Structure formats: structure tokens, C-alpha cells
Amino acid sequence: MSLGTPKIVPLRDLAARVTDGSSLALGGSFLHRGPFALVRELIRQGRRDLEVIKQSPGYDIDILCRAGALGRARAGIVAMEGNFGLAPWYRRAVETGQIRLEEHACASLTAGLRAAAFGVPFMPCGGIHGSDLPALNGWKTVEDPYGSGETVYVIPRITPDFAVIHANEVSEEGDVRVYGTSHWDRIMSRSAKRVLVVAERVASSASFREQPELTLVPHFLVEAVSIVPDGAWPGSCWPHYAVDYPAVEAYMDDAPGVLQAHLDAAPEAREAAHV
């Protein structure tokens with residue numbers, strides 16, 4: 001592991017930048033390429049009253065609720081995917097009022113992030129007429145200024161304190177490369193005030209210069225990076241590893257001690273135990 005550049009820091013230091021009450025746009029989708037090592041480290045450090053902003057969270061939002069670290073969520077679909085159904089601790093937190101939920105469609109949340117990224121106060125969003133979401137969230141409509149007579153809902157900008165992304169590779173300068181689908185990571189990185197990255201490995205700066213089109217987030221947007229192999233566990237990070245379904249199933253157990261055992265079994269915890 002290379003820690004010889006100012007942007008590459010230990011995971012505990014990366015998590016220490018996130019204070020109580022911070023809002024986090026978490027990259028990935030469901031069980032795939034989420035910044036789960038950072039999420040778990042926030043739990044170990046005792047964070048409280050965090051906010052998650054994500055179109056399709058699952059394990060990440062659920063474990064934060066289970067640990068009592070979450071205070072608010074702006075989210076679209078939330079699930080542990082087809083194998084495990086709904087996210088039970090998230091559902092319980094919403095139903096009991098443990099967290100405040102601003103429910104979104106994936107499209108409306110993306111529109112709010114785009115507004116922040118583009119430097120405008122709101123962004124039009126189609127496809128939500130007939131939904132209860134506009135009334136629940138107080139979203140307004142505007143009439144087409146070009147005279148069609150049509151109206152469209154506009155979503156206020158959403159500016160996370162942090163975007164946190166799990167990447168396949170980073171350069172020592174902090175350039176970020178993701179293989180496969182990038183989900184909503186790009187727009188998250190452009191809308192947030194600060195960008196933190198967890199990566200599987202460091203790749204040479206020369207490789208980034210040779211294929212600049214593969215850079216998802218340029219180094220000048222990135223504040224700090226931690227190198228955590230298998231850091232998206234128990235989720236996947238294509239093409240390196242698939243979802244660890246037995247580990248997810250073990251996490252879903254509601255018995256005493258399961259959460260701590262799960263945290264202790266995480267790759268970053270096992271590595272720290274051997275340092």
C-alpha cells in the first residue's frame with residue numbers, strides 16, 4: 001500500500017474528515033461497488049446524525065441505521081436486492097421515526113444533484129406527475145417559458161457535504177477509475193462540496209495519462225483517498241470480486257452480537273488487526 005502522497009491516507013483518517021451531522025452521497029448501487037469500508041469505519045468511530053443521499057442504497061443505509069448512526073435520508077429505492085428483500089433496519093428506522101426520510105424517485109434525486117452540479121437552484125424532472133412525491137416534498141411546478149403551456153416539476157438542488165466513492169483504481173495524484181457501470185458516481189462527485197474515495201489499488205499515473213477517457217473523477221476534485229482491497233465487501237467490485245452472499249445472509253441475522261461480528265469480519269478490520 002502506498003501512503004507516500006498527500007492524498008493517500010489511512011482509512012481511519014479518511015473517515016475522521018466526516019463529522020457528526022454530515023450529509024453523504026454514497027456511490028455504487030445496492031450491493032455493488034459501494035464505499036462500504038468507509039461506512040463501517042464511520043460506525044466504528046461513533047458517528048451520529050449522518051444523512052445518506054443515494055438513489056439506490058441498501059446495505060450501506062441499513063447498517064448505518066442498525067448502528068444508530070443515521071439521522072436523515074434522501075433516497076429512492078432501498079433494498080438488499082432480490083435475494084434478501086427489503087432493508088430491515090432501514091425500514092424499522094423509518095417506521096419508528098428514528099430517521100427523517102425525504103422519499104425520492106431515482107430521477108428526482110438525480111435532478112437535485114444535477115442542479116447542484118450545474119450551479120442552478122433547481123432542475124426540471126419528468127415522470128413524476130400523478131405521484132404523491134411532489135406533495136410530500138413540497139416540489140413546485142413551472143410553466144414552459146417557451147409557450148407550450150406544459151408544466152414541469154422542478155427539484156431543488158441537493159448539495160451533499162461529501163461524495164464518497166469506491167473505485168477500482170486511483171493514481172497517486174487522486175485520479176479515479178471505475179470499471180463497468182459508474183451508477184450515479186459521476187454526478188455525485190460534481191454536486192458535492194468534497195469528494196472522498198476508497199479504492200482497491202493504486203495504478204500508475206502513466207496509465208491514467210494513456211487512457212484519460214477512463215477517468216471518472218479527476219484528481220483536482222478529490223480531497224483524499226484510502227486504499228482498501230476488498231473494501232466494497234460484502235458487496236461486489238467488478239471485475240475483482242462478486243457479492244459475498246453468505247456474509248450478507250449472516251449480517252441479516254437479528255441476534256445479539258451479529259453487528260459487531262460483522263464489523264470484525266470486514267477486510268479493513270482484518271488488515272488493521274495485522275498491522
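The figures here come from the full heavy-atom set of this structure, side chains too, leaving out hydrogens, waters and symmetry mates. Computed from a prediction, not measured in an experiment: that's the story for all the values here.
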Contacts of type salt bridge (Lys or Arg N to Asp or Glu O under 4.0 Å), residue R12, not counting sequence neighbours: none
ILVMFWY cluster, L133 and V94 together (side-chain gap under 4.5 Å): no
Short side-chain to backbone donor-acceptor contact, S226 and V198, under 3.5 Å: no
Connected via hydrophobic side-chain network under 4.5 Å: I165 and F220: yes
Main-chain N/O of A15 paired with R47 side-chain donor or acceptor, under 3.5 Å: yes
All pairs passing side chain to side chain donor-acceptor pair (under 3.5 Å) where residues 238-248 contributes a residue, at least two apart: N168-H240, E200-Y241, W233-D244
Trace of the side-chain contact (heavy atoms from CB on, under 4.5 Å) decision for T110 with W184: CA-CA 8 Å; T110 302; W184 293 278; 3.3 Å; yes
Shared hydrophobic cluster, F122 / L113 (ILVMFWY, side-chain heavy atoms < 4.5 Å): no
Set of salt bridge (Lys or Arg N to Asp or Glu O under 4.0 Å) partners for D230, sequence neighbours left out: none
Derivation and outcome, side-chain contact (heavy atoms from CB on, under 4.5 Å), residues F36 and D60: CA-CA 6 Å; F36 300 151; D60 41 15; 3.7 Å; yes
Within 6.0 Å of CD in E249, more than 12 heavy atoms from elsewhere: no
With a cut-off of 3.5 Å and sequence neighbours excluded, list every side-chain donor-acceptor pair involving residues 64-79.
from: R66; atom 1: NH1; to: Y251; atom 2: O; distance (Å): 2.5
from: R66; atom 1: NH2; to: D253; atom 2: O; distance (Å): 2.7
from: R72; atom 1: NH2; to: E102; atom 2: OE1; distance (Å): 3.0
from: R74; atom 1: NE; to: E51; atom 2: OE2; distance (Å): 2.6
from: R74; atom 1: NH2; to: E51; atom 2: OE1; distance (Å): 3.4
from: R74; atom 1: NH2; to: E51; atom 2: OE2; distance (Å): 3.1

Flag for Q55-H183: side-chain donor and acceptor within less than 3.5 Å: no
Sequence-distant partners of D175, salt bridge (Lys or Arg N to Asp or Glu O under 4.0 Å), two or more places apart: none
Same apolar cluster (I L V M F W Y, side chains within < 4.5 Å links), V39/L50: yes
R194, CZ: over 12 other non-hydrogen atoms inside 6.0 angstrom: yes
Pairs where residues 146-159 contributes a residue and the test side chain to side chain donor-acceptor pair (under 3.5 Å) is met, not counting sequence neighbours: D144-S148
Main-chain N/O of M123 paired with R114 side-chain donor or acceptor, under 3.5 Å: no
Salt-bridge criterion met for E95 and R92 (N-O under 4.0 Å): no
side-chain contact (heavy atoms from CB on, under 4.5 Å) evaluation trace for I158 with H104: CA-CA 12 Å; I158 298 172; H104 276 261; 4.1 Å; yes
Distance in Å, E169 CD paired with S207 OG, rounded so as to fall on 0.5 Å steps: 6.0 Å
Side-chain heavy-atom pair C237, Y179 within 4.5 angstrom cut-off: no
Other residues, nucleotides, ligands: >12 heavy atoms within 6.0 Å of D254 CG: yes
Check: R201 side chain, P229 main-chain N or O, donor-acceptor pair, under 3.5 Å: no
Cluster overlap M188 with V164, hydrophobic side-chain contacts below 4.5 Å: no
Distance in Å, L263 CG paired with I63 CD1, rounded so as to fall on 0.5 Å steps: 5.0 Å
Approximate separation, where rounding is to 0.5 Å, of I155 CD1 and S108 OG: 5.0 Å
Nearest-0.5 Å distance that lies between atom CD in E41 and atom CZ in R44: 5.5 Å
Main-chain N/O of R48 paired with D20 side-chain donor or acceptor, under 3.5 Å: yes
Inter-residue atom distance E103.CD - S131.OG, 0.5 Å rounding: 8.0 Å
Beyond-backbone contact of I99 with V52, side-chain heavy atoms, under 4.5 angstrom: no
Under 3.5 Å: donor-acceptor pair, side chain of K54, backbone of G27: yes
Atom pair NZ (K7) and OG (S171), whose distance is rounded to the nearest 0.5 Å: 8.0 Å
